[in-house]
Amino acid sequence: MTDLLEPRAMGRDLVRRDGVQKVRGTATYAYETPVESPAFCHPVQATVARGRITGIDTEAAEALDGVLAVLTSENAERLASTDDAELAVLQSPDVAFRGQVVGVVVAETSELARQGADLVVVTYAEQEHDSALTVDHPGLYAPEKVNPSYDTDVVQGDVDAELAASAVVVSHTYATAMVHNNPLEPHASTALWDGSSLTLWDSTQGVHPDRKAVCTVFGLEEEQVRVVCPYVGGGFGSKGTPHANVVLVTMAARALPGRPVKLALTRQQMFSLAGYRTPTIQRMQLGADRDGRIRALTLDVVEQTSRIKEFAEQTGVPARMMYTANARRTTHRLAALDVPVPSWFRAPGECPGMFGPEVAMDELAHELGIDPIELRVRNDPERDPETGQPWSSRHLVECLREGAERFGWAGRDPRPGVRREGRWLVGTGVASSVYPTMRQAQSTADVRFEDGRYVVEIGAADLGTGAWTVLPQIAADALGVDVDDVEVRIGDTRYPIASVAGGSSGTNTWGSAIAVAAREFRGKFGTDPRDGDEASGQVDQADTDDEHATYAFGAQFVEARVDVDTGEVRVPRLLGVFACGRILNPRTARSQFIGGMTMGLSMALHENSVWDPRIGQVANHDLAEYHVTVNADVGDVQAHWLDEEDPYVNVMGAKGIGEIGIVGTAAAVSNAVWHATGVRVRELPVTLDRLLTALP
Ligand code: MOS
C-alpha cells in the first residue's frame with residue numbers, strides 16, 4: 001500500500017501544453033526536423049512473397065541525375081547484429097515476404113528517390129509461398145510463451161467433466177480480422193551522422209528503447225546515438241519497437257556522411273513494413289448452470305506469425321481472469337507464414353481476446369434467458385481466478401450498473417429483431433472491458449530548480465496521449481507546488497532513461513519515477529531550494545505491488561441500427577464507463593477513452609486488411625480501401641468513469657487508460673447488431689454481406 005499523493009493539480013481539466021504548437025503547425029515532427037540540405041530515401045520492395053534475389057540492376061537508377069546512392073544487399077554495410085531478422089535489412093538475398101526491403105535509393109528530392117527506386121530492376125528465383133491462415137493449418141505450433149511472457153496454455157480444473165455437467169453449453173468459433181496500424185503521421189525519421197555520432201529524429205513511442213535497438217543492430221555505444229522525438233502523430237503500438245525503416249534511414253545516412261537523410265514510409269509501404277495485428281481464430285466454449293454460473297470456459301486461439309520472427313499475440317490471456325469458472329482452458333497456436341512481421345496494436349491480446357468471449361457471454365445469456373449484464377455480475381470473481389490474488393480494485397459490476405443507468409438499459413426487450421423504426425432494425429448490446437495495470441522495468445527522472453521554477457527531465461514520449469500535460473500535474477503534486485511552476489521536458493535521450501509508451505504504462509512508470517525524484521529533491525533541499533539544486537529518482541520492477549492483481553475495468557454499451565433492406569450498419573451511440581483508478585486529467589483522459597472506443601467501432605465495422613493469399617499481399621493497402629471509422633461514422637460517443645481509489649497501483653492511484661477503450665467495443669457492437677437483427681456475426685468486421693442473406 002502506498003501513500004497516495006494529495007491531488008491538487010492532478011484531476012484538473014488542464015488544456016494540453018502542446019496544444020497551441022500543434023494547432024499552429026509549429027510542433028515539429030520527425031520528418032519535418034529542420035536540417036541543412038537533407039537527402040531523401042525511398043525503399044525498393046520485394047515483388048515476390050518468397051524467394052531469393054538472383055540479380056539487381058541499379059544502373060538506370062544510379063544514372064538518374066540527383067540520385068546520390070543506391071544500397072542493396074550487395075553493397076550495404078554489414079550490420080553488427082542480425083538476430084532480429086526484421087531489422088536485418090539488406091543483409092541477405094533471401095526474401096521472406098512481399099514488400100520486404102531489398103534496396104533503398106537516396107536522392108536530392110523525395111520524388112527523385114521514388115523515381116530511382118522504380119528504376120531498380122530486381123530478379124528473383126521465386127519459391128512457393130504459404131500465407132493463408134487456417135484453423136487447421138498443418139504447421140500450427142505452440143510458441144514457448146505468448147507476449148510478453150505469459151504461459152501459452154493454461155488448464156485449470158476438469159474441463160470435460162464441467163462441460164458435461166453444464167445445463168447449457170455455448171460452443172462457437174469467432175474471428176477477428178488482420179488490421180494495420182494507421183497513425184496519421186506515418187513511420188518517419190531524419191538521420192544524421194557526424195563522424196561516429198548519430199542523431200536520429202524518429203517518430204517513436206520511446207526514445208531510449210529506440211536507441212537501444214539501433215545500437216544493437218549497428219554495434220554502437222549508447223553515447224554515440226541521440227534519439228529525439230518531442231511529438232508523435234499517433235502511435236498505436238507500431239511505433240513501440242523500431243521497424244526496418246529505422247535501420248534503412250540510418251544506413252542511408254551513414255552512406256552519406258555529414259548529410260542528413262529523411263525517410264517517411266508511404267501509406268502503402270506501412271502495410272508491409274510497420275507491423276499489424278494478426279488475424280485471430282477463437283474456438284470458444286462456455287458451459288453454465290441454469291442460474292448462469294459458469295462451470296467451464298475454453299478458448300483455443302489460432303493466429304499467425306511471420307516465418308522470420310515470432311510474434312505471439314496473447315489473445316487467450318484476458319479469459320483467464322475475467323470471470324469465474326470451475327474449470328478453464330486457454331491455448332495459443334501459431335502458424336509461421338510467408339507474411340510481414342506482426343507487431344503491437346492497441347491492447348494487444350486484450351482487444352482481440354475480449355471479442356470471442358464477450359460475444360459468447362451474450363449468446364450464453366440469451367440461451368439462459370438471463371440479462372447479459374446480470375450474467376456478468378453473477379460471474380464476477382472475488383479474486384483473480386488464475387492466481388488467487390486479491391484485486392487491487394475491481395469495479396466491473398459498478399461500471400456495468402452505472403452504464404446501464406446512463407445508457408437506459410432498463411426495460412430492454414431481450415428478444416432479438418423485434419424493434420423497428422422505419423427502415424431501421426434497432427438493437428442494443430453490452431460487453432466488458434479490461435486492461436492490466438502495468439509498470440515497466442526502468443525509468444528515471446531528474447528534478448532541478450532553475451530560475452525560480454522546477455524543471456523535470458525524463459525521456460518519456462507523448463503520442464498525443466497527453467504526457468506533456470499530465471506529467472507536470474504529477475510533478476506539481478509530488479513537489480507540493482503550483483503546476484505553473486513546473487516545466488517537464490520529454491522526448492530526448494539526453495534526458496534520463498524512460499520506458500516505452502506502451503501497455504498503457506507510461507503515466508504509471510514515468511509518474512512514479514517523477515514522484516521518487518521529487519521526494520529525493522525535498523529530502524535533500526527542503527522547501528526552499530537554490531538555483532541549480534538537483535535530484536534524481538528512479539523506479540524499477542521491484543517497486544511494483546506483486547501481492548495484488550492490478551487491472552482496469554470498463555463496460556461498453558452500444559446502440560446499433562441496421563437497414564432492413566441493405567444491411568447497412570450504423571452505430572449512433574457508444575457509451576463506456578471505466579474504473580481506472582484516479583483520473584489525472586479529465587480532458588486528456590476522455591480523449592483516450594473515446595479515441596479507443598472509436599477505434600473499437602472501427603474494428604467492429606470497418607477495419608479489415610483483406611489478404612490475398614495467391615500473391616501474399618494486403619489487397620486494400622491504402623486509406624481509400626482500408627476503411628477507418630471517421631467522423632461521419634461516429635455518433636454520440638460518451639466516456640464516463642467512476643471515482644476509484646486504488647492505493648496499490650502507484651502513488652498517483654492511477655491505472656493506465658490508453659488501451660482499455662478499444663477493448664470490448666467490437667463485441668458490444670456485434671451483440672447490438674444481433675439484438676437488432678437476430679443475426680449473430682461471429683467474424684469481424686460486421687459488414688453488410690455478413691448480414692444481408694440472414695435479414696428478416
Ligand atoms: Mo501499445 S500496442 O502497448 O503501444
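Predicted, not measured: the structure shown is a model, and the values here were computed from it. Read the numbers this way: they start at 1 and go in the same order the structure lists the ligands and their atoms.
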(message) Under 6.0 Å between ring centres: does that hold for Y276 and F345?
(response) no

(request) Return a yes/no value for Y435: is any of its N or O atoms, backbone included, closer than 3.5 angstrom to an N or O of ligand 1? (result) no

(message) Tell me whether E659 reaches ligand 1 (any heavy atom closer than 4.0 angstrom to a ligand atom).
(response) yes

(request) Would you check whether S504 has a nitrogen or oxygen atom less than 3.5 angstrom from a nitrogen or oxygen atom of ligand 1? (result) no

(message) Please list, in number order, the atoms of ligand 1 under 4.0 Å from a heavy atom of F345.
(response) 2 (S)

(request) Check whether the side chains of T469 and T588 place a donor and an acceptor atom closer than 3.5 Å, and report yes or no. (result) no

(request) May I ask whether P348 places a heavy atom under 4.0 Å from ligand 1? (result) yes

(message) Less than 6.0 angstrom separating the ring centers of Y626 and F271, yes or no?
(response) yes

(message) Need the ligand 1 atom indices (1-based, order shown) with element for anything under 4.0 Å from a heavy-atom of G502.
(response) 3 (O), 4 (O)

(message) For a quick test of reading the model, state the closest non-hydrogen atom pair linking W510 to A498 and the distance between them.
(response) NE1-CB, 3.9 Å

(request) On the 0 to 90° scale, with breaks at 30° and 60°, tag the F593-F578 ring pair as parallel, tilted or perpendicular. (result) parallel

(request) Could you list the atoms of ligand 1 found under 4.0 angstrom from a heavy atom of R346? (result) 2 (S)

(request) Take Y141 and E310 through the side-chain hydrogen bond (donor to acceptor under 3.5 Å, both in side chains) test and state the conclusion after the steps. (result) CA-CA 11 Å; Y141 72 97; E310 184 177 275; 2.6 Å; yes

(message) Please list, in number order, the atoms of ligand 1 under 4.0 Å from a heavy atom of Q205.
(response) 4 (O)

(request) Could you check whether the rings of W391 and Y551 sit parallel, tilted or perpendicular, using 30° and 60° as the cut-offs? (result) perpendicular

(message) I'd like to check whether G503 has a polar contact with ligand 1, where a contact means an N/O of the residue lying under 3.5 Å from an N/O of the ligand.
(response) yes

